[in-house]
Amino acid sequence: MSRKSIILIPACTKDIDAQIFYAVIKRYIDAVVVGAECHPLILPLLDSEEDLSEILSRVDGVMLTGSPSNVHPSNYGQPIQKPDLPLDLARDAITLRLAREAIEIGMPLFSICRGFQEVNVALGGSLLQAVHEVPGKFDHREDDALPIESQYAPAHRITVVPGGRLHQILGSVSDIQVNSLHGQGIDQLAPGLTVDAVADDGLVEAYHVATGHGFTLALQWHPEWKVTENSVSMKLFGAFGDACRAYSATRQSNPKPIIHDGHALCKGGVQGVP
């Protein structure tokens with residue numbers, strides 16, 4: 001039996017009882033297991049760029065999740081507009097670099113909510129720090145007073161761009177209803193990104209990296225919520241899982257030697273040594 005593809009999921013920083021934890025919300029893990037049919041691997045927020053590259057060489061895809069925190073505005077050249085803005089600088093330091101590297105090597109990349117915003121910033125785009133305060137834009141935030149089931153219920157329509165990656169995955173669907181739990185959104189779209197869906201107020205809701213040579217898809221909404229109960233979400237995670245399996249198969253058919261102590265290590269041992 002061939003091994004399942006492994007998907008790397010960067011953690012968030014969580015302060016619990018005055019101690020720092022690295023954590024990922026369980027529903028993202030579940031969606032990778034049942035939707036993409038892959039193995040999830042949680043990535044702690046490492047400081048070493050060499051460690052990150054080594055880890056990437058051993059996995060088949062990357063998923064950037066949503067989070068209560070936002071990308072620090074300094075990453076796109078803006079001051080903080082809201083003093084109470086939840087931030088996670090440690091996550092920024094990993095995910096922005098991880099997004100660029102995954103795209104560069106053609107590794108499948110699936111990005112949700114904060115992850116959607118991270119990729120845009122990583123590639124040179126900017127964000128609206130308070131979408132609801134922008135004239136003509138809707139309030140895309142959830143109502144915290146409602147039960148969580150209501151917060152994640154469908155909130156508004158998005159229009160799918162014909163011929164884009166999202167359209168290719170979903171088929172003949174021209175619009176869908178999505179949930180909405182974000183206060184920030186895309187302002188300037190980064191170079192090389194192509195829009196796949198927009199909300200009725202014009203806010204970008206999905207895009208892919210047109211200039212990349214691997215699978216990429218970024219969504220502003222939360223397809224991981226009760227993934228098995230939503231046929232659209234299952235198609236999205238299924239497409240990501242298929243891309244990870246294809247990437248894994250290509251890599252296994254063209255293995256790159258790992259350099260260790262001046263020797264190239266291959267499956268048969270040290271290259272050039274019986």
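- At least one side-chain heavy atom of Leu98 sits less than 4.5 Å from a side-chain heavy atom of Pro10.
- Interatomic distance, CG of Leu64 versus CD1 of Ile112, reported as 9.0 Å (0.5 Å rounding).
- By the 4.5 Å heavy-atom criterion applied to side chains, Ser248 and Arg3 are counted as neighbours.
- For the atom pair CG of Leu41 and CG of Asp60, the computed distance is 10.5 Å after rounding to the nearest 0.5 Å.
- Relative to the six-membered ring of Tyr207, Arg165 misses at least one condition, a distance below 6.0 Å or an angle of at most 45° to the axis.
- Distance alone, capped at 3.5 Å, places no donor-acceptor pair between the Glu205 side chain and the Val178 backbone.
- The salt bridge (Lys or Arg N to Asp or Glu O under 4.0 Å) pairs that include a residue from residues 177-204 are Arg157-Asp200, where partners are two or more places apart or lie in different chains.
- A donor atom on one side chain and an acceptor atom on the other are found under 3.5 Å apart for Arg27 and Tyr152.
- Using a 4.5 Å heavy-atom cutoff, the side chains of Val227 and Val34 are in contact.
- The structure places CG of Leu45 at 8.5 Å from OG1 of Thr95, a figure rounded to the nearest 0.5 Å.
- The main-chain N or O of His72 is found under 3.5 Å from a side-chain atom of Asn75 such that the two form a donor-acceptor pair.
- Atom NZ of Lys14 is surrounded by 12 or fewer heavy atoms from other residues, nucleotides or ligands within 6.0 Å.
- Here Arg100 does not pair with Glu118 in a salt bridge; the nearest charged N to carboxylate O distance is not below 4.0 Å.
- Ring centroid separation for the pair Phe237 and Phe110 comes in under the 6.0 Å cut-off.
- In this structure, His140 and His182 have tilted ring planes: the angle between them lies in the 30° to 60° band.
- A continuous path of hydrophobic side-chain contacts links Phe240 to Leu236 [ILVMFWY only; heavy atoms under 4.5 Å].
- Tyr247 is listed as a side-chain neighbour of Ile105, based on a closest heavy-atom distance under 4.5 Å.
- In this structure, SG on Cys244 lies 4.0 Å from CD1 on Ile7, to the nearest 0.5 angstrom.
- No donor-acceptor pair under 3.5 Å is formed between the side chain of Asn179 and the backbone N or O of Ala155.
- The closest side-chain donor-acceptor pair between Ser53 and Glu101 falls under 3.5 angstrom.
- Note: Leu189 CG to Ser126 OG = 9.5 Å, rounded to the nearest 0.5 Å.
- Checked by atom type and distance alone, the side chain of Thr216 never pairs as donor or acceptor with a backbone atom of His208 at under 3.5 Å.
- Two residues are said to be in side-chain contact when any heavy atoms from C-beta on lie closer than 4.5 Å; Ser174 and Val160 fail this criterion.
- Looking only at atom types and distance, the side chain of Thr13 has a donor-acceptor partner in the side chain of Asp88 under 3.5 Å away.
- Taking a cutoff of 4.0 Å between a charged side-chain nitrogen and a carboxylate oxygen, Arg97 and Asp92 do not qualify as a salt bridge.
- Residues Thr65 and Arg114 have side chains that never bring a donor and an acceptor to within less than 3.5 angstrom of each other.
- The backbone N or O of Gly66 sits less than 3.5 Å from a side-chain atom of Tyr28, completing a donor-acceptor pair.
- Salt bridge status for Arg245 with Asp242: present, with a side-chain N to carboxylate O gap under 4.0 Å.
- The shortest side-chain heavy-atom distance between Leu109 and Val209 does not fall under the 4.5 Å cut-off.
- Separating the CG atom in Asp175 from the NE2 atom in His156 is a distance of 12.5 Å, to the nearest 0.5 Å.
- Surrounding CG of Asp17 are at most 12 heavy atoms belonging to other residues, nucleotides or ligands under 6.0 Å away.
- A side-chain donor-acceptor contact under 3.5 Å links Thr250 to the backbone of Ala246.
- Side chain of Gln220 to backbone of Phe116: no donor-acceptor contact under 3.5 angstrom is found.
- Val119 and Ala99 make their closest contact through CG2-CB, 4.1 Å (heavy atoms, listed as atom of the first residue, atom of the second, distance).
- Residues Lys82 and Asp84 are not paired through a salt bridge, judged by the lack of any N-O separation under 4.0 Å between the basic side chain and the carboxylate.
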